Amino acid sequence: MNRTQVSRIWLTDSDVWVELNDGRRAKERFSDYSRLANANDAQRAGYVVSYFGLHWPELDEDLSFDGFFSKID
C-alpha cells in the first residue's frame, strides 16, 4: 500500500486514522507506541507523509500504511 491509495489522515485525542480511496478506514492507538503515547499534541501533529506511511521526525517514530490495514484485511 502506498500514499496514492490514501485519501485522508487525521488525529483524534487517542488515535491516528487513515482512510483509503475505497472508503476503508483504520486506526492505530497512540497508547500502543510509547513515543506517541508520551508525545504532546503538537508533537503528534508533526508527522510527515511518505510514500509508504507516516513519520514523526521529532519522535523518531514510523507507521506504515500496510500496518494500519494488516489487522482488518
Side-chain angles (χ1 to χ4, degrees):
M1 179 170 312
N2 62 58
R3 175 66 180 109
T4 63
Q5 298 167 295
V6 174
S7 63
R8 184 174 157 205
I9 299 166
W10 71 99
L11 306 177
T12 65
D13 289 340
S14 58
D15 309 299
V16 55
W17 285 84
V18 174
E19 182 175 3
L20 301 181
N21 294 330
D22 66 9
R24 289 184 293 158
R25 293 178 174 183
K27 69 179 178 180
E28 290 286 350
R29 292 188 170 104
F30 295 132
S31 61
D32 291 338
Y33 302 90
S34 62
R35 292 177 185 145
L36 292 170
N38 294 316
N40 61 41
D41 290 342
Q43 289 172 313
R44 289 178 180 169
Y47 65 87
V48 175
V49 181
S50 73
Y51 191 70
F52 293 107
L54 304 176
H55 174 63
W56 285 264
E58 183 178 350
L59 303 173
D60 191 30
E61 185 67 72
D62 296 279
L63 299 179
S64 73
F65 294 132
D66 284 337
F68 277 85
F69 292 91
S70 66
K71 299 173 198 133
I72 64 169
D73 283 335

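Treat the numbers as computed from the prediction; the structure is a model and nothing was measured.
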Which value, rounded to the nearest 0.5 Å, describes the distance between [X] atom [atom1] and [Y] atom [atom2]?
X	Y	atom1	atom2	result
R44	W56	CZ	CH2	10.0 Å
S64	L54	OG	CG	9.0 Å
Q5	F69	CD	CZ	9.5 Å
Y33	L63	OH	CG	5.0 Å

If you look at every heavy atom in [X] and [Y], which pair is closest and at what distance?
X	Y	result
V6	R3	O-NH1, 2.9 Å
L59	L36	CD1-CD2, 3.7 Å
S31	A37	CA-CB, 4.0 Å

According to the side chain to side chain donor-acceptor pair (under 3.5 Å) rule, which pairs have a member within residues 45-54, sequence neighbours left out?
N2-Y51
Group every Ile, Leu, Val, Met, Phe, Trp and Tyr by side-chain heavy-atom contacts under 4.5 Å, then state whether [X] and [Y] land in the same group.
X	Y	value
L20	F65	yes
W10	M1	no
L11	W17	no

Tell me whether [X] contacts the main-chain N or O of [Y] through its side chain, where contact means a donor paired with an acceptor under 3.5 Å.
X	Y	value
H55	E61	yes
R8	V18	no
S7	E19	yes

If you draw a 6.0 Å radius around CG in D13, do more than 12 non-hydrogen atoms from other residues or ligands fall strictly inside?
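Open: at most 12 neighbouring heavy atoms sit under 6.0 Å from CG of D13.
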Sequence neighbours excluded, every pair satisfying salt bridge (Lys or Arg N to Asp or Glu O under 4.0 Å) that has a member inside residues 28-41
E28-K71
